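Given the structure is predicted, the values throughout are model-derived calculations rather than measurements.
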Amino acid sequence: FFCRRPRCTRIYRRHSRIMEKEAPLVSKLERRFSQPELKGETNTKWRSSGIVCTLGPGSQDVKMMEKLIEAGLDVARFNFSHGSHEYQKKLMDNVREAASNVGKMIALALDTKGPEIRTGTFTENEDGSDEYELKKGSSTIVTVDEKLANSGTAEKFWVTYEDLPNTVKPGMTIFIDDGLIALEVEKIEETDVHCVVKNGGIISNRKGVNLPGAKVTLPALSEKDKEDIKFGVSQKVDIIFASFIRKADDVKEIRKLIPEETIIISKIENQEGIDNFDDILEASDGIMVARGDLGIEIDATQVFVQQKRMIRACRAAAKPVIVATQMLQSMVSNPRPTRAEVSDVANAILDGADCVMLSGETAKGKYPVEAVQQMSETCRVAEENLSLPVIVQDKFSEREDIVRCACNLAKSQNAKAIVLITHTGKTARFTSRHRPSCPVIAVIPSTKIHVARHLSLTFAIQVVTYEESEDGTQLSASSRIATALKSQVGLLVSKGDLIVCMYSTPGFREFANIIEVQKVP
């Protein structure tokens, strides 16, 4: 099969003659090929979606990380809201060692703390603790007067956001400690915001504060964020998970601090981020639906609506999307998830998410390995029932038309894999968004190893890397595809399986312009 578009080449190639001519190169290439090891998994166990795992005290040693990787970890997340640079470096070193031991490529993601508002510290009360009860119906004052930064009480306490009096208005709600405490603003006097307690609870030092519906004027990057990103760049992290992105300019500001080999996944966590989502998506390399703070900043009944909307938009843009927060939350302390949690994971995949994420479940939970195993199996079952609508648009690019042809051909001929050669990952991402009926093997040069790691976030992609010839000889596409297939025999494909290949003619680097059907030798 070959593509008949104007700029594409019509070819008939005798593979036996080419392979014979390039046998020495293929042999050399074969020894240097590397791929994520699937630990004996077969086609029936292939999982297309990715799993992001947060590492922390419950998963910090190498042996535990090895178990997590074997269970299904694809991307390691480092939460810079907690821990020193020394501690985070230790985690990064350990996960790299574990990945090397297991033989699987793992991407590293730095999650920024982001602009946040917290309470100050409280004066010790009569029993010697720093905890105070805010009773429903009582009055309290939230102040930005720094004189009270370390002497909070139930009657009056300080918060870190100095522009609070200019941001909130009477009738607005202030949430504290993940929404457990709700205060309604009554009036504002200079540095003081007078409130009545609508939902009571225990307040203590450095609790998080949310202002739903308000346009917060905090800078996109704090000094801590800048230092953390600088540290992450020195450690060669692959991905930045950018917290509390509110507009496209926030993404552009982060872009100035990182090399082009690092990508940005913007976390949508408030109403302003939702309002500016289209611009944020265009400026970002992908999106995370961060439902924790989002569920406080907007009405909980709107979270799933926005989740589905963002997933659809990311698929249309051929950019990866991650669904995160409380996916298997009960497994922090229990060996089995609730039915609702399993359905939550499955529905994210059925909606079209590329990845799902575990937070406390793997960072501090009692059953981190079991949580990853449960998520992996749930994703596989969901993928077996995946039925997304066909992407429809007025006009497709040449690259996109070729990708569509390859996906349709793979489906109609029941191909066992799509094999493509890519340097930038674009062809792989465009292929993924059509949710092909089989795995996609992306063949990438080792000089583009960062692209290979980025594709850990993209649905259905299995990466195989190769080193280019030492003497500068150009290896043919057929050679690279043949050797990549050999590395996957018994894993994703078997000898004699039908496959669909995409690659470009020599000298043409814009996109794959050839589609070819062959059988695995």
Side-chain angles (χ1 to χ4, degrees), residues 50-69 71-102 104-116 221-245 254 257-259 261-267 269 284-288 290 292-293 320 322-327 332 355-365 368-369 371-372 375 449-450 453-454 456-457:
I51 295 178
V52 181
C53 295
T54 306
L55 301 181
S59 52
Q60 62 186 353
D61 64 87
V62 174
K63 291 297 181 183
M64 175 56 74
M65 290 180 183
E66 288 177 2
K67 292 178 181 178
L68 294 178
I69 292 170
L73 182 155
D74 298 300
V75 178
R77 172 182 176 250
F78 305 91
N79 187 356
F80 274 66
S81 293
H82 310 285
S84 65
H85 285 179
E86 292 74 20
Y87 177 72
Q88 298 291 358
K89 183 180 186 303
K90 180 182 177 181
L91 287 180
M92 291 178 186
D93 291 343
N94 285 356
V95 78
R96 284 183 169 125
E97 181 181 344
S100 177
N101 294 343
V102 175
K104 181 178 177 180
M105 185 185 300
I106 298 296
L108 273 59
L110 184 160
D111 198 319
T112 64
K113 185 178 182 180
E116 65 176 7
L221 286 174
S222 66
E223 289 304 314
K224 171 178 168 50
D225 290 331
K226 292 176 183 178
E227 289 300 314
D228 289 344
I229 291 172
K230 181 179 178 181
F231 170 77
V233 170
S234 73
Q235 297 302 307
K236 300 187 186 310
V237 297
D238 306 293
I239 307 160
I240 300 294
F241 289 163
S243 298
F244 292 99
I245 295 298
I254 296 173
L257 304 177
I258 60 176
E261 292 82 9
T262 306
I263 62 173
I264 300 172
I265 304 297
S266 294
K267 297 170 64 177
E269 304 183 74
S284 307
D285 300 298
I287 294 293
M288 181 188 293
D293 281 283
I322 306 165
V323 175
T325 316
Q326 297 182 333
M327 301 216 78
V332 169
C355 296
V356 283
M357 192 177 95
L358 294 169
S359 299
E361 300 94 330
T362 50
K364 62 180 181 179
V369 176
V372 179
M375 180 165 273
I449 192 66
H450 59 281
R453 293 198 183 101
H454 298 164
S456 298
L457 294 174

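Rounding to the nearest 0.5 Å places CG of Leu73 at 12.0 Å from CD of Glu66. Here Glu269 contributes atom CD and Phe244 contributes atom CZ; the two are 4.0 Å apart, rounded to the nearest 0.5 Å. To the nearest 0.5 Å, the span separating CD1 on Ile264 from CD1 on Ile239 amounts to 11.5 Å. Note that CD of Glu116 and CG of Asp293 are 8.5 Å apart. Values are rounded to the nearest 0.5 Å. Summarising the geometry, atom CE belonging to Met327 is positioned 5.0 Å from atom CE belonging to Met375; distances are rounded to the nearest 0.5 Å.
Among residues two or more places apart in sequence or in another chain, the side chain to side chain donor-acceptor pair (under 3.5 Å) test is passed with Lys90 by none. Residues satisfying the side chain to side chain donor-acceptor pair (under 3.5 Å) test with His85, not counting sequence neighbours, are Asp228. Residues forming a side chain to side chain donor-acceptor pair (under 3.5 Å) with Arg453 (at least two apart in sequence, or on another chain): none. The side chain to side chain donor-acceptor pair (under 3.5 Å) check on Ser100 picks up nothing, with sequence neighbours excluded.
Here the side chain of Glu361 pairs a donor or acceptor atom with the backbone of Ser359 at under 3.5 angstrom. Between the side chain of Asp225 and the backbone N or O of Ser222 there is at least one donor-acceptor pair closer than 3.5 Å. Lys224 places a side-chain N or O within 3.5 Å of a backbone atom of Phe80 that can act as its donor or acceptor partner. Without hydrogens or angle criteria, Gln88 side chain to His82 main chain gives a donor-acceptor distance under 3.5 Å. Under a 3.5 Å cut-off, the side chain of Thr112 and the backbone N or O of Ser243 do form a donor-acceptor pair. Distance alone, capped at 3.5 Å, places no donor-acceptor pair between the His450 side chain and the Lys236 backbone.
Judged purely by distance below 3.5 Å, without hydrogens or angles, the side chains of Asp111 and Ser81 never pair a donor atom with an acceptor atom.
Side-chain contact between Val369 and Leu68: present, with at least one pair of heavy atoms (C-beta onward) separated by less than 4.5 Å. In this structure, Leu257 and Lys230 have side chains that are not in contact, with every pair of non-hydrogen atoms separated by 4.5 Å or more.
Sorted by first and then second residue, the pairs that involve residues 91-100 and meet salt bridge (charged side-chain N to carboxylate O under 4.0 Å, His left out), not counting sequence neighbours, are Lys89-Asp93.
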**Prompt:** Hey, mind stepping through Ile449 and Met105 against side-chain contact (heavy atoms from CB on, under 4.5 Å) and telling me if it holds?
**Reply:** CA-CA 10 Å; Ile449 192 66; Met105 185 185 300; 3.7 Å; yes
**Prompt:** Passes side-chain contact (heavy atoms from CB on, under 4.5 Å), Leu457 versus Ile263? Steps please.
**Reply:** CA-CA 11 Å; Leu457 294 174; Ile263 62 173; 4.1 Å; yes
**Request:** Let me see the working for Phe78 and Val237 under side-chain contact (heavy atoms from CB on, under 4.5 Å), right down to the final yes or no.
**Result:** CA-CA 10 Å; Phe78 305 91; Val237 297; 5.6 Å; no
**Request:** Mind running side-chain contact (heavy atoms from CB on, under 4.5 Å) on Ile254 and Leu221 for me, showing each step along the way?
**Result:** CA-CA 8 Å; Ile254 296 173; Leu221 286 174; 3.8 Å; yes
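Ile106 approaches Ala99 most closely through the heavy-atom pair CG1-CB, 3.7 Å. Shortest non-hydrogen contact noted between Ala290 and Thr325 is C-OG1, 3.9 Å.
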Return all side-chain donor-acceptor pairs below 3.5 angstrom for residues 53-65, not counting sequence neighbours, or 'none' if the list is empty.
{"from": "Thr54", "atom 1": "OG1", "to": "Arg77", "atom 2": "NH1", "distance (Å)": "2.7"}
{"from": "Thr54", "atom 1": "OG1", "to": "Leu358", "atom 2": "O", "distance (Å)": "2.9"}
{"from": "Ser59", "atom 1": "OG", "to": "Gly56", "atom 2": "N", "distance (Å)": "3.2"}
{"from": "Ser59", "atom 1": "OG", "to": "Thr362", "atom 2": "O", "distance (Å)": "2.8"}
{"from": "Gln60", "atom 1": "OE1", "to": "Tyr87", "atom 2": "OH", "distance (Å)": "3.0"}
{"from": "Asp61", "atom 1": "OD1", "to": "Lys63", "atom 2": "N", "distance (Å)": "3.3"}
{"from": "Asp61", "atom 1": "OD1", "to": "Met64", "atom 2": "N", "distance (Å)": "2.9"}

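Checked options Ile265, Thr262, Asp285; the residue passing with Ile240 is Thr262 (criterion: side-chain contact (heavy atoms from CB on, under 4.5 Å)).
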